[in-house]
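Since the structure comes first, as C-alpha cells, the remarks are kept for the end.
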Amino acid sequence: MNTKYVLVTGGAGYIGSHMTLALLDAGAKPIVVDNLSTGIRSAVPPSVPFFHGNCGDEALLDDIMKNYDVNAIVHFAANIIVADSSVDPLGYYRNNTGNARALIDAAVRHRIPHFIFSSSAAVYGEPNTAIISEDHPTNPINPYGRSKLMVEWILADVAKAYPINYAALRYFNVAGADPIGRTGQSSVKATHLIKIAVQAALRKRPGMDIFGDDYPTSDGTCVRDYVHVGDLVQAHLAALAYLRREKENLICNVGYANGFSVQEVIEVVKNVSGVDFEVRVQNRRAGDPSRLVASNRRATEMLRWSPRYDDLKTIVRHALAWEQRLLVDQL
Ligand code: UDP
C-alpha cells in the first residue's frame, strides 16, 4: 500500500465513513474533508486528519494539499436524493457538479495523480436491457443522474489534458452497514428503501409507503440491485490499486447483477426482523426508473472484485443492527 495520503471527501458520511475505515484497515492514510451537512464528526476516527469544510473550497483544498502529500482523491461528498434533485436542480448542479469541478481543478493544480469518483446507475436512465453493462448508453432521467454524468465528462476531458487518471464507479443501490458495527447510515432524513423498511420494523416510523406498484416488473414494484456498503468500499480500494498499476482510466459498475423488487425487499426485512408492519401503496415517485440491475463483469475481471456480502438477508441484518444501535444511542 502506498504510504501517501488519500483525501476522502464526504468521509464523515455513510459511504465515506466506511471508506475511511477500509483505508485504515488496509494500512493507508486517509484525510477527510466534510461539511457535516449530513455526515457525523464521530464517524471519523480521531486519528484521521479532519477538515470541516466544503469539498469545492479552493483555499481549503490548497491548504490541505500544501500540507499533506496527497496521492489520490476519493470523492463521495454529494447530494444523493433523486426526488430532491427535481425540486432543487440548481442545488444539485452546484454541489455535485460545481464542487467536483473545483476539486478536480485542485487535483490538477497540485499534481495529484489519481481520482475516484462516486458515480451512479442513475446515469443510465431507463435502461433498454435487463442487465446494464458500462457500454449501455447514458441517458439520465433526473437532475441527480445528469449532475453525476457531467462529472464523468469533466474527468474524461481532464484525463486527456493533464497527468491524472480516474475511476468513475457507478453505484447501484448501496445498503447495509459495517459488519462489525463501527459505522452505518446515520442520516436523520432517510429516504432509501432498506433504511426506511428497517426503521418501520423497529417502530421508528408508523409503517412505510411503496412508491408505485404499476411498473412493468413481475410484481409491479421497482427492481434494484442492492450492494453491501462493505463490498462497495472494497471496490474503491481495488480501483485505487488499478489506477496506480494500470495508468488507465476506468468506468465501472458496482452491483451484484441481482435484482430485487421493492415488495421483495420489504418481505426480507419483515422476515429478518420478525416484525410485521403496515405497507401502503402510493403513487410513483418522480424520476424512478423501473429496473436497474448491474452487469459486474468489469468489476470482477478488471478490478478482481470479489464481493463478500452478496446476500440480501445479510445486508438487511447489518442495516437492522445499525439502526438498533442508533436507537440505543438516542436513549
Ligand atoms: N422506495 C419505496 N418506498 C420508500 C423508499 C423507496 O417504495 O420509502 C422505492 C423507490 O421508489 C425505488 C426503490 O424503492 O423504486 C429504491 O429507492 P431508493 O430511494 O432506496 O434508491 P434509488 O434507487 O432511488 O437510488
Side-chain angles (χ1 to χ4, degrees), residues 13-15 38 76 78-88 92 96 118-127 132 140-149 169-177 184-229 232 253-270 273 277-294 312 315-316 318-320 322-323:
Y14 170 45
I15 303 173
T38 57
F76 295 102
N79 292 140
I80 57 157
I81 300 171
V82 170
D84 287 359
S85 75
S86 297
V87 179
D88 180 24
Y92 271 68
N96 292 5
S118 298
S119 189
S120 167
V123 300
Y124 295 115
E126 190 66 65
I132 309 169
I141 59 170
N142 48 57
Y144 171 71
R146 285 189 277 275
S147 75
K148 291 283 180 179
L149 184 57
L169 300 183
R170 293 175 175 167
Y171 309 164
F172 282 64
N173 286 61
V174 187
Q185 164 68 279
S186 304
S187 68
V188 182
K189 193 183 153 205
T191 63
H192 287 121
L193 178 65
I194 291 182
K195 172 107 178 159
I196 298 273
V198 298
Q199 287 183 337
L202 293 174
R203 310 283 184 222
K204 281 189 179 181
R205 59 174 69 235
M208 64 172 293
D209 298 322
I210 291 181
F211 299 131
D213 67 350
D214 57 348
Y215 285 94
T217 60
S218 58
D219 62 19
T221 64
C222 290
V223 170
R224 295 286 183 273
D225 185 340
Y226 294 90
V227 56
H228 193 293
V229 64
L232 178 78
N253 289 339
V254 189
Y256 294 141
N258 249 334
F260 292 94
S261 73
V262 173
Q263 198 71 261
E264 287 169 331
V265 170
I266 293 172
E267 281 315 306
V268 170
V269 173
K270 287 183 174 179
S273 64
F277 47 85
E278 191 194 350
V279 178
R280 303 159 296 253
V281 176
Q282 306 286 2
N283 291 334
R284 291 182 177 198
R285 200 173 66 173
D288 277 343
S290 54
R291 179 185 160 93
L292 290 172
V293 180
L312 188 56
I315 294 174
V316 167
H318 292 164
L320 195 62
W322 180 255
E323 207 61 38

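Values below: every heavy atom of this structure, side chains too, minus hydrogens, waters and symmetry copies. The residues of the chain are indexed from 1 along the displayed sequence. This is a predicted model, so every value here is computed, not measured. For ligands, and for the atoms within them, numbers begin at 1 and follow the listed sequence.
Of the protein's non-hydrogen atoms, the one nearest atom 4 (C) of ligand 1 is F211 CE1, 3.4 Å. In terms of protein heavy atoms, atom 5 (C) of ligand 1 is closest to T191 O, 3.4 Å. Scanning the protein heavy atoms around atom 11 (O) of ligand 1, the nearest turns out to be D288 OD2, 2.6 Å. Regarding atom 17 (O) of ligand 1, its nearest protein heavy-atom neighbour is R285 NH2, 3.4 Å. For atom 13 (C) of ligand 1, the nearest non-hydrogen atom of the protein is V262 CG2, 3.9 Å. Taking atom 22 (P) of ligand 1 as the reference point, the nearest protein heavy-atom neighbour is N173 ND2, 3.5 Å.
For the pair Y226 and ligand 1, a heavy-atom separation below 4.0 Å is found.
Using modelled atom types and a 3.5 Å distance limit, the side chains of Y171 and S118 yield a donor-acceptor pair.
The D209 neighbourhood of ligand 1 comprises atoms 2 (C), 3 (N), 4 (C), 7 (O), 8 (O), with distances under 4.0 Å to a heavy atom of that residue. Each of the atoms 7 (O) of ligand 1 lies under 4.0 Å from some heavy atom of I210.
Under 4.0 Å from ligand 1, not a single heavy atom of I194 appears. Heavy atoms from both the backbone and the side chain of H192 come within less than 4.0 Å of ligand 1.
Each of Y226, F260, F211 was scored for a side chain to side chain contact (heavy atoms under 4.5 Å, CB included) with L193, with one residue passing: Y226. When each of N142, N96, N79 is paired with S147, the side-chain hydrogen bond (donor to acceptor under 3.5 Å, both in side chains) condition holds for N96 and for no other.
Classified by interplanar angle (parallel below 30°, tilted 30° to 60°, perpendicular above 60°), the ring pair Y124/F172 is tilted. Using bins of under 30°, 30° to 60° and over 60° for the plane-to-plane angle, the ring pair H228/H318 lands in the perpendicular bin.
To the nearest 0.5 angstrom, T221 atom OG1 is 8.0 Å from D213 atom CG.
A cation-pi arrangement is absent between R291 and Y215 under the rule of less than 6.0 angstrom and at most 45 degrees off the ring axis.
Taking only nitrogen or oxygen atoms, main chain and side chain alike, C222 does not reach within less than 3.5 Å of ligand 1. At under 3.5 Å, a nitrogen or oxygen of L193, whether backbone or side chain, sits near a nitrogen or oxygen of ligand 1.
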Test salt bridge (charged side-chain N to carboxylate O under 4.0 Å, His left out) applied to K189 and D84, step by step: CA-CA 12 Å; K189 193 183 153 205; D84 287 359; 2.9 Å; yes
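Between L169 and S119 the shortest side-chain heavy-atom distance does not fall below 4.5 Å.
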